[in-house]
Amino acid sequence: MAAPLSAALTRNRYFDALSAEPGLYWLGQNTNHIPAHPAVRAAMIQAIEEGAFNAYAPPLGFESLRAAIVADLGTPGAEALVTEGGVNALAMICRARCRPGTTFVTTDPTWKWPCLFAEQAGATVIEIPIYDPACQYRLTPEALRAHVDERTAIIYLVDPNNPLGIRYTRDEIESFAAIARDCGALLVHDCTYRDFADGHTPALQVAPDGTVVSLSFSKWLGLAGLRIGALVASPTLFEEIASRTTSVLGASVIAQRAAETGLAVKPDWMEQVRRLDRANKAMIAEAAGRIEGLSLPVYPSHGNFLTVETAGAGLRPEALVECYRRRGIMIRQGTYHTARFGDRFIKVSTSVPSAWVETFCDLLPAMAEEARTLNDLPPQF
Ligand SMILES: Cc1ncc(COP(=O)(O)O)c(C=O)c1O
């Protein structure tokens, strides 16, 4: 008899099966599936044709890309470190600051992987609940102040929040940065979704010292599978964090060429992406509004996704996810983000071709009915 699969292999086979499904509609990971900007596509093809990938990139990223990232963020004087996805920027920061006896303070829901990195380094993770209309689904300075002290190594703020889609005001960011300064913590501002937000203030703009911004090219530019992101910080913090890197041989050359070209065409590209994204959100809102008990806690979201609350309709998120999976559509169950609130919602990506969202919406009434009949569900990740 074959031995049961380990948790890690079960998770891997889950994603492998999704990847192997021809024409899957990826509506679960906030990725961007709008056909690439022609200039970005051309930059990647040129890099391949030149064999540019035969050599390593500079360890901290091509200087021209580093400069373009800092200019795009609007933080002159700061330094950018190019990483293999935003996730590795966050891993590096956690490795630099977390250790036994420290705390890592974030919201619930949050993006879960940095919590894992903090724990791996020995820190205790503190999650402040924000899934609550009473606080408008956002962290308040009062709540943050009540959860930090001299042990706090990192305050990790996802803004716009994934999965809720709220974004913070300049005043709020200033308050969070002041609280971090007072307790001696590093404010890590995860700005992965900033390009989908109406009005966004990177913490580095209000507090150049004591804050780090993490960035991604996966969502706005659609480069998730190429693995490229960055962190941006003051020169002193940059040196501290760079000294902890494990990516000593740099990030993908092809990805860096694509990223730099993407920054050059960003206004043009994002106008197109955001137009589609807004229309997709409106379609989902309308379809959800036609089903008794479904609701949208934050609308419109400032990310390229919408959280749809299913609890009022008596629907189990996992059952809906499985029904859609059987139709070749991946959406996300809330428990991916939060054990405490995850049984209340699903999350649907919106930076995708409108035909995908139309199919999602057309199927919704039937999926809601079918989900009520499902009991035995395979594990989901
Ligand atoms: C909040 C947040 N930060 C970081 C990332 C990681 O992005 P990357 O693909 O650049 O590693 C994600 C991806 O889903 C995310 O949601």
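Order of listing sets the numbers, starting from 1, for every ligand and every atom in it. Model, not experiment: these values are computed from the prediction.
For the pair Thr192 and ligand 1, the shortest N or O to N or O distance falls below 3.5 Å. For ligand 1, none of its N or O atoms has an N or O atom of Val158 under 3.5 Å away. Between Glu84 and ligand 1, a contact under 3.5 Å exists for no N or O pair. Annotation: Phe217 places no N or O atom under 3.5 Å from an N or O atom of ligand 1; distance criterion only.
Proximity of Gly229 to ligand 1 is not established, as no heavy-atom distance is less than 4.0 Å.
Using a 4.0 Å cut-off between a side-chain N of Lys or Arg and a carboxylate O of Asp or Glu, Arg194 and Asp72 qualify as a salt bridge. Looking at Lys219 and Asp195, no side-chain N of the basic residue comes within less than 4.0 Å of a carboxylate O on the acidic one, giving no salt bridge. Contact check on Arg167 versus Asp159 returns no salt bridge, with no Lys/Arg side-chain nitrogen under 4.0 Å from an Asp/Glu carboxylate oxygen.
Within the 4.5 Å cutoff, the side chain of His200 has heavy atoms near those of the Pro202 side chain. The closest side-chain heavy-atom distance from Gln120 to Arg95 is not below 4.5 Å.
Checked against Tyr324 for a side chain to side chain contact (heavy atoms under 4.5 Å, CB included), the options Thr359, Leu364, Ile346 give a single hit: Leu364.
Every atom of ligand 1 is numbered from 1 in the order shown, and the set under 4.0 Å from a heavy atom of Lys219 is 13 (C), 14 (O). Within the listing of ligand 1, atoms 7 (O), 8 (P), 9 (O), 10 (O) sit less than 4.0 angstrom from a heavy atom of Ser216. Near Gly86, meaning under 4.0 Å from one of its heavy atoms, ligand 1 places the atoms 8 (P), 10 (O), 11 (O). Proximity to Ser218 (heavy-atom distance under 4.0 Å) selects the following atoms of ligand 1: 8 (P), 9 (O), 10 (O). Per-residue contacts place Asn162 under 4.0 angstrom from the following atoms of ligand 1 (heavy atoms of the residue considered): 16 (O). The atoms of ligand 1 that sit less than 4.0 Å from any heavy atom of Arg227 are 8 (P), 9 (O), 11 (O). Here is the list of ligand 1 atoms found below 4.0 Å of a heavy atom in Tyr193: 1 (C), 13 (C), 14 (O), 15 (C), 16 (O).
Among protein heavy atoms, atom 6 (C) of ligand 1 sits closest to Trp111 CH2, 3.4 Å.
By the criterion of a heavy-atom distance under 4.0 Å, the side chain of Asp190, and not its backbone, is placed next to ligand 1. Under 4.0 Å from ligand 1, not a single heavy atom of Trp113 appears.
Side-chain heavy-atom separations under 4.5 angstrom define the hydrophobic clusters, and the remaining members of the one that includes Leu186 are Leu60, Leu81, Val87, Leu90, Met92, Ile93, Phe104, Trp111, Trp113, Leu116, Phe117, Val125, Ile154, Tyr156, Val158, Val188, Val212, Leu231, Leu237, Phe238, Ile241, Tyr336.
Under the 30°/60° scheme for interplanar angles, the aromatic rings of Phe345 and Tyr131 are found to lie parallel.
Arg274 meets the side chain to side chain donor-acceptor pair (under 3.5 Å) test with Asp198; sequence neighbours excluded.
With 3.5 Å as the limit, one finds a donor-acceptor pair spanning the side chains of Gln46 and Glu50.
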